[in-house]
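One structure is given below, encoded as structure tokens.
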Amino acid sequence: MKSEPDVFSIDDLAARPDQTEPWDGVRSHQAKKVLQSMRRGDQAFFYHSNAKPPGIVGIVEIVREAYPDHSQFDSSSKYYDASAKEEAPKWFMVDCRLVRRLARQIPLEELKQHGSSGGPLADMALFKYGRLSVQPVTRQQWEYVLSLEQQQPGGKSSS
DNA sequence: GCCAACGTTGGC
DNA sequence: GCCAACGTTGGC
């Protein structure tokens, strides 16, 4: 799940009551599908986009499954959608709770190194659909990223 | 229904 | 700030 730290960072999430926040503002049908597939108890990576450097900074847990995104009905919100009706919402959100920060940020550049030339992360949605704000992660990718967390920055995956 | 114009995302 | 990718809009 991507967020621009200038708008909403992992620090902001940590400061929320119960470290929980509705993930509103998703306005892509592709991303909506991913949101709606999330189940309570699922975990997701918190990714800082448009950051220096961009990368994965933490783990969140889905504590409430998809329900109508309140911002689509709020004319003062930048996410307002005049075409959405209360009785027929167009956009959805989930509630996320901070599980933990990673021991170190895993920068996009490092993820890419493990995705090039058929690496373990070669099929990550992050590279294929760069602009998708909520993306699926396979179990294998998830575990591999967590194994990177334990390594020194720039370290090799094996040998 | 096609497609050019335009806006947004997000890495660099 | 630039620009590639890509989604949306609107004329026809």
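Every chain is numbered from 1, with letters handed out A, B, ... down the list of sequences.
Put simply, NZ on A:K78 is 10 Å from C1' on B:dT8, counting in whole angstrom units. A straight line from CG of A:D81 to P of B:dT8 spans 14 Å, rounded to a whole angstrom. We find that NE2 of A:H29 is positioned 13 Å from C1' of C:dT9, with the value rounded to whole Å. For the pair A:F127 CZ and C:dA5 C1', the computed distance is 16 Å after rounding to whole Å.
For A:F46, the ring-ring contact (aromatic ring centres under 6.0 Å, His included) partners at least two apart in sequence or on another chain are A:W23, A:H48.
Inspection of the A:R27 and A:S71 side chains reveals an N or O donor paired with an N or O acceptor under 3.5 Å.
The ring pair (Phe, Tyr, Trp, His ring centres under 6.0 Å) contacts involving residues 78-99 of chain A comprise A:H29-A:W91, where partners must be two or more places apart or lie in separate chains.
Between A:P89 and A:E86, the shortest heavy-atom distance links the atoms CD-O, 3.7 Å. For A:E65 against A:R40, the heavy-atom pair with the smallest separation is OE2-N, 2.9 Å.
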Measure all distances between protein nitrogen or oxygen atoms and nitrogen or oxygen atoms of nucleotides 10-12 of chain B, and list the pairs falling under 3.5 Å.
| residue | atom | partner | partner atom | Å |
| --- | --- | --- | --- | --- |
| B:dG10 | OP1 | A:K2 | NZ | 3.2 |
| B:dG10 | OP1 | A:R131 | O | 3.1 |
| B:dG11 | OP1 | A:Y47 | OH | 2.7 |
| B:dG11 | OP2 | A:N50 | N | 2.9 |
| B:dC12 | OP1 | A:K112 | NZ | 2.3 |

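Here the CD-OG distance, from A:E4 to A:S49, works out to 4.5 Å after rounding to the nearest 0.5 Å.
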